[in-house]
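Structure record follows, encoded as structure tokens.
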Amino acid sequence: MRAFRPELLRPPRDFVRPQLPHDRPICLEIGAGVGLHALSFAAQHPTIELYAIERTAEKFQKFWHSYQANPLRNLHPIHADAIPWVVHALPPESLERVFILYPNPEPKNPAQRWLNMPFFAFLLSRLKPRGHVHLASNIPEYLAEAKQQAEQTWQLPYEEKTLSEPGRTHFEIKYLQRGEPCRELVFTKPIIGS
Ligand SMILES: C[S@@+](CC[C@H](N)C(=O)[O-])C[C@H]1O[C@@H](n2cnc3c(N)ncnc32)[C@H](O)[C@@H]1O
């Protein structure tokens, strides 16, 4: 896999560098959609700061409206492409958890799947040792490929969970209602040298 070149990426449009807290855990959600998981996770974990990023304007607008109806001090909705945002916003080893829930399967462009991208190395560098990446999907082949990449490319141990109704995100709710198998891989960043 080619190396990721963060120095080539400009900040997203209207980028504002977040004031990251030093005294509270920080989590990141990539592709937050209309924000169902972000809103409930932030409400359930008031001592954790959640930065939830969505690129698509229409989805982000719905997320923003829900957030404004119920603003949570520890939730930070961001309308941006996650890749340049992560590059410009986050220092190394700053994140406890990353959520990537029901990513686009990219059937015609496998190189754009998250664990196939050179950017994934940079994302792992932003995770604390023993931090987690949560990857959920309803597509068994997507998860099988991610497991293979975790083992062969990223050397990440993982656990696998079967998910059940009602579901945490718009897509998860829809897939579970249809009876599709939803599973989550929880990858753990090892401590170097252990
Ligand atoms: C299939 S949807 C799932 C949305 C939500 N996680 C859910 O489960 O309901 C995938 C989302 O990821 C967003 N996305 C894809 N690539 C992204 C990127 N680089 N930065 C931010 N969002 C991205 C898409 O806009 C889309 O809303």
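Atoms within a ligand are numbered from 1 in the order they appear, just like the ligands themselves.
The closest approach between any non-hydrogen atom of Ile30 and ligand 1 is not below 4.0 Å. Proximity of Trp114 to ligand 1 is established by a heavy-atom distance of less than 4.0 Å.
Near Leu101, with a cut-off below 4.0 Å to any heavy atom, the atoms of ligand 1 are 3 (C), 5 (C), 6 (N), 8 (O). Every atom of ligand 1 is numbered from 1 in the order shown, and the set under 4.0 Å from a heavy atom of Ala80 is 20 (N), 21 (C).
With His79, Lys59, Arg55 as candidates, the residue nearest to atom 15 (C) of ligand 1 on a non-hydrogen basis is Arg55.
Considering only heavy atoms from C-beta on, Leu135 comes within 4.5 Å of Pro103 through its side chain.
With no hydrogens or angles considered, no side-chain donor-acceptor pair links Glu106 and Tyr142 at under 3.5 Å.
Among all protein heavy atoms, the one lying closest to atom 20 (N) of ligand 1 is Ala82 N, 2.8 Å. The closest protein non-hydrogen atom to atom 10 (C) of ligand 1 is Asn104 OD1, 3.4 Å. In this structure, the protein non-hydrogen atom closest to atom 8 (O) of ligand 1 is Thr169 OG1, 2.7 Å. Scanning all protein heavy atoms for the shortest distance to atom 3 (C) of ligand 1 gives Tyr102 O, 3.2 Å. In terms of protein heavy atoms, atom 24 (C) of ligand 1 is closest to Glu54 OE2, 3.4 Å. Residue, atom and distance of the protein heavy atom nearest to atom 5 (C) of ligand 1 are Gly31 O, 3.4 Å.
Under a 3.5 Å cut-off, the side chain of Arg24 and the backbone N or O of Pro46 do not form any donor-acceptor pair. Not a single donor-acceptor pair under 3.5 Å links the side chain of His79 to the backbone N or O of Ile53. With hydrogens and angles disregarded, a donor-acceptor distance shorter than 3.5 Å links the side chain of His88 to the backbone of Leu9.
Considering Phe99, Phe63, Tyr102 as possible partners of His37, the one that fulfils the ring-ring contact (aromatic ring centres under 6.0 Å, His included) test is Phe99.
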For this session: For salt bridge (charged side-chain N to carboxylate O under 4.0 Å, His left out), just list the numbers for Arg73 and Glu49, CA-CA rounded to whole Å, side-chain angles, deciding distance to a tenth of an Å, and then say yes or no.
Result: CA-CA 8 Å; Arg73 186 205 46 78; Glu49 300 293 311; 3.1 Å; yes
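An N or O contact shorter than 3.5 Å links Phe171 to ligand 1 by distance. For ligand 1, the polar-atom distance check against Asp81 finds a nitrogen or oxygen pair separated by under 3.5 Å. Between Glu172 and ligand 1, not a single N/O pair is under 3.5 Å apart.
The cationic group of Arg126 lies under 6.0 Å from the six-membered ring centre of Phe122 and within 45° of the ring axis, placing it in a cation-pi geometry.
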